Asker: 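This is the structure I have questions about; it appears just below.
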Protein chains: 2
Amino acid sequence: MRKKLRETAHETATMRLRQAGLRPTRQRNELAKLLFRDGHRHLTAEMLHAEAVAEGVKVSLATVYNTLHQFTQAGLLLQVVVDPTRSYFDTNTADHQHFYCEDENSLTDIPGPEISVADLPTPPPGTEIKRVDVVVHVRRH
Amino acid sequence: MRKKLRETAHETATMRLRQAGLRPTRQRNELAKLLFRDGHRHLTAEMLHAEAVAEGVKVSLATVYNTLHQFTQAGLLLQVVVDPTRSYFDTNTADHQHFYCEDENSLTDIPGPEISVADLPTPPPGTEIKRVDVVVHVRRH
DNA sequence: TCAACAGTTTAGAATTATTCTAAAGAGACT
DNA sequence: AGTCTCTTTAGAATAATTCTAAACTGTTGA
């Protein structure tokens, strides 16, 4: 017998949290469900908080900030730095790249095969490469 | 007869400003001299302001911010977004890429031939590519 | 089952980088 | 020199984010 979608989503979220070593609290569960429900998303803390409030989820902005950082640390999210005034979080943690349009403040995944970055440079002494961020800045015309 | 270095630097700065369509005021001249005196640099507004003050240049922090943005608009600087808490400005406006070490908050140019980015993706409809930012995140080991 | 502990949430204050404001100052052109 | 416009400035204002300390809640083990 099939369970209701709601329940399944909840269980998925809970499992995800447990695997990440995070205690599955009500808030974290709800936020996880919002974040990972459909496709990949690019959100700021304010955006996620607004969405949660709109859906009747009771959670404070401080918790949204905490949670986003915890999720990022746990590898569930990627923090994308493109705008000097805001932090975006990406639910797609696979290696991929972004378009960023300053005019409209929009951040989107680059579809299809990723840009190939050839010949990675040798990192400064004492360091190793963690990851390579590629942001293609675009402008309306 | 040779002019003193100081004077030459001042005149170079003034020229640079005029060419950029910026009125060469005392503050802008002094900041330009600090920014462009040796090699390429990566600075925040706070850093430049501290440097100016240390050298006895009387300039307010607000002016440093204004100036950095004006220089950026004029193409004399590049704003590099790597840290969600701070804005860096790069005196190297040529097409190049960066190493960023979060551990020590250091931003450096990638030396030698730049990373080749093959097969630029088609930008979203209604937009054109402005530039491609590549940041190689490194970590101490 | 429930007490107790450690981890979590919260409102609101605090912090930090940055921008704004409006008044005083200074290039530039006549 | 005079005037006009652009620039600078101190300090206030703003916006995103972090901190604080008190209340709350999963979890664990008796």
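Every heavy atom of this structure was used, including side-chain atoms; hydrogens, water molecules and symmetry mates were not. Chain identifiers are assigned alphabetically (A, B, ...) following the order of the sequence lines, protein sequences preceding nucleic acid strands; residue numbering begins at 1 within each chain. The structure presented is a predicted model; accordingly, all values stated were derived computationally and were not measured.
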Asker: When the distance from CD of B/E30 to C1' of D/dT7 is rounded to whole Å, what number comes out?
Answerer: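 Computing the B/E30:CD to D/dT7:C1' distance gives 15 Å.
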Asker: If we check side-chain contact (heavy atoms from CB on, under 4.5 Å) with A/Q97, which of these qualifies: A/D109, A/I110, A/V132?
Answerer: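 It is A/I110; the other options fail the test.
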Asker: Return the value, rounded to whole Å, for the distance between atom NE2 of B/H49 and atom P of D/dT9.
Answerer: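 One finds 8 Å between P of D/dT9 and NE2 of B/H49, rounded.
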Asker: What is the distance, rounded to the nearest whole Å, between atom CG of B/L61 and atom P of D/dA10?
Answerer: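 Going from B/L61 (CG) to D/dA10 (P), I get 10 Å.
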Asker: Within the structure, does a side-chain N or O atom of A/T25 lie under 4.0 Å from either OP1 or OP2 of C/dT8?
Answerer: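 Looking at the OP1 and OP2 atoms of C/dT8, neither is under 4.0 Å from any side-chain N or O of A/T25.
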Asker: Please state how far atom CG in B/L68 lies from atom C1' in D/dT7, giving the value in whole angstrom units.
Answerer: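 Rounding to the nearest Å, CG of B/L68 and C1' of D/dT7 are 15 Å apart.
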Asker: Hydrogens and angles aside, do B/H137 and A/D133 bring a side-chain donor and acceptor to less than 3.5 Å of each other?
Answerer: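 A pair is found: one side chain offers a donor N or O, the other an acceptor, under 3.5 Å apart.
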Asker: Just call it for A/T44: base, sugar-phosphate, or nothing, with non-hydrogen atoms closer than 4.0 Å on any strand.
Answerer: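 A/T44: no heavy atom of the nucleic acid under 4.0 Å.
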Asker: Does C/dA28 have its OP1 or OP2 closer than 4.0 Å to a side-chain nitrogen or oxygen of B/R18?
Answerer: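 So the side chain of B/R18 is within the cut-off, an N or O lying under 4.0 Å from OP1 or OP2 of C/dA28.
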Asker: Nearest to the B/S87 side chain among D/dA16, C/dT10, C/dT18, which nucleotide is it?
Answerer: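 So the nucleotide nearest the side chain must be C/dT18.
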Asker: Is there a side-chain contact between A/H69 and the phosphate of D/dT18, meaning an N or O under 4.0 Å from OP1 or OP2?
Answerer: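 So the side chain of A/H69 is within the cut-off, an N or O lying under 4.0 Å from OP1 or OP2 of D/dT18.
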Asker: Please state how far atom NZ in A/K58 lies from atom P in C/dT8, giving the value in whole angstrom units.
Answerer: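 Distance, rounded to whole Å: 18 Å.
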Asker: Taking any heavy-atom pair under 4.0 Å as a contact, classify B/P24: base, sugar-phosphate, or nothing.
Answerer: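 The residue B/P24 makes sugar-phosphate contact but no base contact.
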Asker: Find which nucleotide of DNA chain D each of B/L22 and B/P84 is nearest to by heavy atoms, and output the residue with the more 5' nucleotide.
Answerer: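 This one resolves to B/L22.
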Asker: Kindly say if A/R28 contacts the phosphate of D/dG26, meaning a side-chain N or O under 4.0 Å from OP1 or OP2.
Answerer: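 So the side chain of A/R28 is outside the cut-off, no N or O lying under 4.0 Å from OP1 or OP2 of D/dG26.
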Asker: Do the two ring centres, one from B/H42 and one from B/H98, sit under 6.0 Å apart?
Answerer: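 Yes; B/H98 has its ring centre under 6.0 Å from that of B/H42.
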Asker: Is the shortest side-chain N/O distance from A/T63 to OP1 or OP2 of C/dT9 below 4.0 Å?
Answerer: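 For A/T63, the contact criterion (side-chain N or O under 4.0 Å from OP1 or OP2 of C/dT9) is not met.
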Asker: Calculate, to the nearest 0.5 Å, the distance between atoms CG and CD belonging to A/L31 and A/Q70 respectively.
Answerer: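 Between A/L31 CG and A/Q70 CD, I get 10.0 Å after rounding to 0.5 Å.
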Asker: Let me confirm one number: the CD-CZ distance from A/E128 to B/R139, rounded to the nearest 0.5 Å.
Answerer: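 A/E128 CD to B/R139 CZ: 5.0 Å, rounded to 0.5 Å.
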Asker: For C/dT19 and B/Y65 - does any side-chain N or O of the residue sit under 4.0 Å from the phosphate oxygens OP1/OP2?
Answerer: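 Checking C/dT19 against B/Y65, no side-chain N or O comes under 4.0 Å of OP1 or OP2.
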Asker: So, OP1 or OP2 of D/dC24: does either fall under 4.0 Å of a side-chain N or O from A/Q27?
Answerer: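 So the side chain of A/Q27 is outside the cut-off, no N or O lying under 4.0 Å from OP1 or OP2 of D/dC24.
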Asker: To the side chain of B/A45, which of C/dT8, D/dT5, C/dT18 is closest?
Answerer: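 My answer, after comparing the listed nucleotides, is C/dT18.
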Asker: From CG of B/N66 over to C1' of C/dT18, roughly how many Å is that when rounded to an integer?
Answerer: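 So the CG-C1' distance, B/N66 to C/dT18, works out to 11 Å.
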Asker: Is any side-chain N or O of B/R23 closer than 4.0 Å to OP1 or OP2 of D/dC6?
Answerer: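 For B/R23, the contact criterion (side-chain N or O under 4.0 Å from OP1 or OP2 of D/dC6) is not met.
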Asker: Mapping A/Q70 and B/T85 onto DNA chain C by nearest heavy atom, which one lands closer to the 5' end?
Answerer: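 Upstream on the strand: A/Q70.
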